[in-house]
Amino acid sequence: MSSIAQSLEKIRNRVTVLERRYERSPGAVRVLAVSKTKPPEAVRAAAEIGQREFGENHVQDALTKLDALADMDLVWHFIGPIQSNKTRVVAARFHWVHSIDRAKIARRLNEQRPDGLPPLEVCIQVNLSGETSKSGVEPQQVEELAQVVSELPRLRLRGLMTLPQPCDELDDQRRPFAALRGLLETLNAGGLALDTLSMGMTNDMEAAIAEGATIIRIGTAIFGPREVA
Ligand SMILES: *Cc1c(COP(=O)(O)O)cnc(C)c1O
């Protein structure tokens with residue numbers, strides 16, 4: 001077995017342990033394998049043991065990889081910042097977008113999603129750790145943006161995503177994730193039916209699973225360290 005396959009097995013086992021520890025249903029947490037900066041062969045190694053969902057944060061790099069892997073039945077998630085001039089290709093080539101933080105981008109994706117494809121699955125990215133991080137909508141604006149997105153027919157709003165400032169203590173890591181869960185509950189109480197919390201990476205997956213993550217986005221623990229961050 002390749003070392004990528006071994007690492008992926010380890011992550012799956014850890015997820016199972018953490019689902020039990022935090023009284024989550026078995027299978028409640030999905031692993032999104034974040035393959036950004038890694039070559040197509042790395043994706044193949046993970047796909048060979050059944051991993052289907054992969055995350056990318058750079059449009060151009062991702063396209064080369066998507067083309068190289070066109071023979072495989074994979075589900076591609078876009079998790080990085082989206083510029084307006086990249087929405088057309090994201091709408092055409094990806095299945096999910098986790099990083100919606102402006103109505104303008106959502107509207108463009110909606111207009112540009114090709115007719116023959118099912119709606120693009122999307123999450124709204126929320127900024128829960130203050131001024132230093134640039135991406136994500138402020139918590140006070142989530143409800144308004146969720147209303148806009150939920151009315152776009154070629155998008156299907158699935159939930160919320162966050163990417164907090166790194167920190168080491170489990171309790172500190174849990175705080176923004178608990179806040180994201182609270183926001184999702186508020187939206188659902190207001191009439192939406194959202195089922196996705198995209199939160200948790202290599203260093204804070206336990207905190208995220210404890211707070212209700214349904215998708216954890218794992219790069220380093222599966223593919224090893226990246227040369228460019
Ligand atoms: C790179 C990245 C990840 C994966 O981070 P790791 O610490 O390598 O697991 C998750 N989410 C986003 C948005 C990323 O850009």
Side-chain angles (χ1 to χ4, degrees), residues 3-15 18 29-40 42-43 45-46 51-63 65-66 74-83 86 90 94-102 105 109 120-130 132-137 142 158-170 172-174 176-177 179-180 196-229:
S3 71
I4 288 172
Q6 280 171 1
S7 302
L8 186 53
E9 280 292 311
K10 249 192 239 162
I11 287 290
R12 288 175 176 165
N13 291 336
R14 177 126 194 268
V15 167
L18 292 171
V29 182
R30 253 150 73 207
V31 175
L32 175 63
V34 177
S35 49
K36 64 187 187 195
T37 80
K38 300 294 175 183
V43 171
Q51 179 68 32
R52 287 190 66 230
E53 298 190 273
F54 293 89
E56 292 285 333
N57 73 338
H58 188 279
V59 174
Q60 213 49 49
D61 290 352
L63 282 189
K65 218 173 295 181
L66 264 65
L74 303 177
V75 179
W76 291 99
H77 295 238
F78 193 77
I79 62 175
I82 312 179
Q83 294 151 335
K86 295 287 163 55
V90 170
F94 282 81
H95 304 87
W96 281 72
V97 173
H98 292 226
S99 42
I100 303 277
D101 63 0
R102 281 171 289 162
I105 295 292
L109 290 169
L120 187 61
E121 313 275 0
V122 302
C123 293
I124 290 174
Q125 182 173 354
V126 188
N127 181 350
L128 288 166
S129 45
T132 42
S133 101
K134 287 158 266 141
S135 306
V137 67
V142 172
R158 295 293 298 270
L160 303 176
M161 180 273 228
T162 198
L163 180 63
Q165 295 294 316
C167 61
D168 291 330
E169 294 294 324
L170 185 67
D172 296 335
Q173 291 177 346
R174 285 180 69 155
F177 297 149
L180 198 72
T196 301
L197 283 170
S198 166
M199 57 190 196
M201 323 198 293
T202 295
N203 286 323
D204 54 14
M205 62 180 277
E206 174 166 355
I209 290 172
E211 294 297 346
T214 63
I215 300 181
I216 55 172
R217 308 180 307 267
I218 306 294
T220 309
I222 297 172
F223 297 108
R226 290 176 291 275
E227 279 173 28
V228 237

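Note that ligands are numbered from 1 as they come in the structure, with each ligand's atoms numbered from 1 the same way.
- For ligand 1 and I218, the ligand atoms under 4.0 Å from any heavy atom of the residue are 9 (O).
- When each atom of ligand 1 is checked for a heavy atom of R217 under 4.0 Å away, the hits are 4 (C), 9 (O), 10 (C), 11 (N), 12 (C), 13 (C).
- Remark: distances from the non-hydrogen atoms of M205 to ligand 1 are all 4.0 Å or more.
- Atom CG of D168 has 12 or fewer heavy atoms from other residues, nucleotides or ligands within 6.0 Å.
- Nearest to atom 3 (C) of ligand 1 among the protein's heavy atoms is M201 SD, 3.6 Å.
- Checking N203, T220, I216, I79 against atom 8 (O) of ligand 1, the nearest heavy atom belongs to T220.
- The structure places NE2 of H98 at 7.0 Å from CD1 of I79, a figure rounded to the nearest 0.5 Å.
- Between atom 7 (O) of ligand 1 and the options N57, I222, T202, D204, the minimum heavy-atom separation is to T202.
- Rounded to the nearest 0.5 angstrom, K65 NZ and K36 NZ are separated by 10.5 Å.
- Applying the salt bridge (charged side-chain N to carboxylate O under 4.0 Å, His left out) criterion to R158, with sequence neighbours excluded, gives E121, D195.
- Each of the atoms 1 (C), 2 (C), 3 (C), 14 (C), 15 (O) of ligand 1 lies under 4.0 Å from some heavy atom of K36.
- Taking 4.5 Å as the limit, every side-chain heavy atom of H77 sits out of range of all side-chain heavy atoms of R217.
- Under the rule for a ring-ring contact (aromatic ring centres under 6.0 Å, His included), the partners of F94 that lie at least two apart in sequence or sit in another chain are F78.
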